[in-house]
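What you see below is based on every heavy atom in this structure, not just the backbone, and it leaves out hydrogens, waters and symmetry mates. Count residues from 1 along the sequence.
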Amino acid sequence: MRLSGVGVWSGSLRYGDSGEAAEAAAELEELGFSALWIPDVSGAGLLEAVENLLGATKRAVVATGILNIWMHEPAEVADSFARLTADHGDRFLLGIGVSHARLIDAKEPGRYRKPLAAVTAFLDGLDAAERPVPRDSRVIAALGPKMLRLAAERAAGTHPYLVSPEHTAQVRQELGDGPLVLPEQTVILCEDRESARAVGVGWLRNYLSLPNYANNLRRLGFSDEDIDTVSDRLFDAIIAWGDEDAVLRRIEEHRSAGADHVCVQALDADPRAFPREQWRRIGAALR
């Protein structure tokens, strides 16, 4: 699966009303977005959401960004993958990842350990299934060097989240020309910095409290002060804000840095809403 173009990353497509999600998915496909990405916080219902989106579309790839390996059994995932691809064609891209210790250990203290080994074991399970998930139909959420190497060796590539074009360039250099690099890019369509920060700072703080993301930003040269205050420098690196041209420039920066595909997450003042007007504006600008 050589995914290209621009996709949409959306929590509302996963957790919003399933009927509206299907309707929005069909429109996003018509707008020209090549893939629809959905997250997995709770585990339950993820593959049903994938099926809902596949059934509502004809061409778009539906990707998990990501399936939480602690909340699923690889044999069951492989079985669902085989069934969904049989029903809908080769349009399901299985993104997997380790989530975060704070979230996993909240329910079962001490469960989150040795994340690299845990992902390797999950991949082994996908390979050992009666109907294995093909290597080229899976990607790994990776930020650091060891997980990136695993993504190159055992999957089609990587889906980094909460990253900048600078990170994309580093990933491409690390992986070379073959593996897919499929970064998520958060965007806010707005008129000025004040409006952007009003929507984005609280959202960003939630992620910066998680060590995986904070440590990755430190590797990129951001200071503890940048992280603690959500400095303008950090905010601008992670979130593209402004008009459609600002979004297109950021997408092109990722592509120039080596991205094969960029999935855009449009933030709205109401995080539970379907940001359909923003999607329409971005889709029109991409044409």
Side-chain angles (χ1 to χ4, degrees), residues 1 3-97 99 103 122 126 129 131 133-134 136-141 156 159 161 182 184-187 261-268 270-280 282-283 286:
M1 185 181 295
L3 188 57
S4 61
V6 177
V8 164
W9 196 105
S10 171
S12 55
L13 290 176
R14 160 78 159 101
Y15 292 108
D17 176 78
S18 60
E20 186 171 1
E23 181 183 295
E27 181 181 13
L28 287 168
E29 182 175 68
E30 290 304 308
L31 288 170
F33 293 104
S34 59
L36 309 177
W37 295 77
I38 58 173
D40 183 29
V41 176
S42 59
L46 174 68
L47 295 170
E48 290 81 358
V50 169
E51 185 167 22
N52 182 49
L53 299 179
L54 286 170
T57 53
K58 299 177 181 178
R59 303 175 303 279
V61 169
V62 176
T64 52
I66 47 73
L67 177 143
N68 189 324
I69 65 166
W70 309 102
M71 298 181 177
H72 300 271
E73 292 298 326
E76 295 176 2
V77 172
D79 184 66
S80 294
F81 181 92
R83 177 179 60 83
L84 291 172
T85 52
D87 290 345
H88 300 283
D90 187 24
R91 295 196 291 123
F92 181 11
L93 179 62
L94 179 66
I96 67 170
S99 186
L103 304 179
F122 197 91
L126 295 178
R131 293 180 290 180
V133 176
D136 287 346
S137 294
R138 62 199 194 199
V139 294
I140 299 173
H159 168 52
Y161 184 91
L182 315 170
E184 174 270 348
Q185 175 60 59
T186 304
V187 306
H261 167 92
V262 180
C263 46
V264 171
Q265 178 176 189
L267 287 192
D268 188 85
D270 180 359
R272 298 168 298 179
F274 289 80
R276 297 181 70 169
E277 183 57 33
Q278 293 196 50
W279 291 340
R280 289 167 185 153
I282 296 168
L286 287 166

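In this structure, H159 contributes its side chain and A141 its backbone to no donor-acceptor pair below 3.5 Å. When atom types are taken as modelled, the side chain of T64 and the backbone of G95 share a donor-acceptor pair closer than 3.5 angstrom. Side-chain atoms of E184 come within 3.5 Å of backbone N or O of T186 as a donor-acceptor pair. Remark: side-chain polar atoms of D268 are not paired, donor with acceptor, to backbone N or O of P275 under 3.5 angstrom. With W37 contributing its side chain and C263 its backbone, the two residues share no donor-acceptor pair below 3.5 Å.
Taking 4.5 Å as the limit, some side-chain heavy atom of S34 sits within range of a side-chain heavy atom of L3. Counting heavy atoms from C-beta outward, D87 and L54 have side chains that stay 4.5 Å or more apart. Contact of the L286 side chain with the F33 side chain is registered, since non-hydrogen atoms from C-beta on lie closer than 4.5 Å. Counting only heavy atoms from C-beta outward, the side chains of L28 and L13 approach each other to under 4.5 Å. R138 has its side chain out of reach of F122: every pair of non-hydrogen atoms, C-beta onward, lies at least 4.5 Å apart.
Across all non-hydrogen atoms, the minimal contact from R91 to R59 is CD-O, 3.5 Å. Taking every heavy atom of both residues into account, Q278 and L267 meet most closely at NE2-O, 2.9 Å. Closest non-hydrogen pair, Y15 versus V41, comes out as OH-N, 2.7 Å. Between L46 and R14, the closest heavy-atom pair is CD1-NE, 3.4 Å. Shortest non-hydrogen contact noted between S4 and H261 is O-ND1, 2.8 Å. The two atoms that bring A25 and A56 nearest to each other are CB-CB, 4.3 Å, heavy atoms only.
Partner of L94 under the side chain to side chain contact (heavy atoms under 4.5 Å, CB included) criterion, out of I66, V77, L47, V50: V77 alone.
Atoms CD and CD1, on E277 and I282 in that order, are 10.5 Å from each other to the nearest 0.5 Å. S18 OG to E51 CD: the interatomic distance, rounded to the nearest 0.5 Å, is 11.5 Å. Atoms CG and CD1, from L67 and I96 in turn, are 7.5 Å apart once rounded to the nearest 0.5 Å. If you take CG on N52 and CG on D17, they are separated by 9.0 Å, rounding to the nearest 0.5 Å. The structure places CD of E48 at 7.5 Å from OG of S80, a figure rounded to the nearest 0.5 Å. One distance of note links CH2 of W9 with CD1 of I38; it measures 9.5 Å at 0.5 Å rounding.
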| said: Set out, in order, the CA-CA distance, both residues' side-chain angles and the distance that settles side-chain contact (heavy atoms from CB on, under 4.5 Å) for H88 and V62, then state yes or no. | reply: CA-CA 10 Å; H88 300 283; V62 176; over 6 Å; no
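Under the side chain to side chain donor-acceptor pair (under 3.5 Å) criterion, T85 pairs with no residue, sequence neighbours left out.
Aromatic ring pairs are classed by plane angle as parallel below 30°, tilted from 30° to 60° and perpendicular above 60°; the pair F274 and W279 is perpendicular.
At most 12 heavy atoms of other shown residues, nucleotides or ligands fall within 6.0 angstrom of atom CZ in R272.
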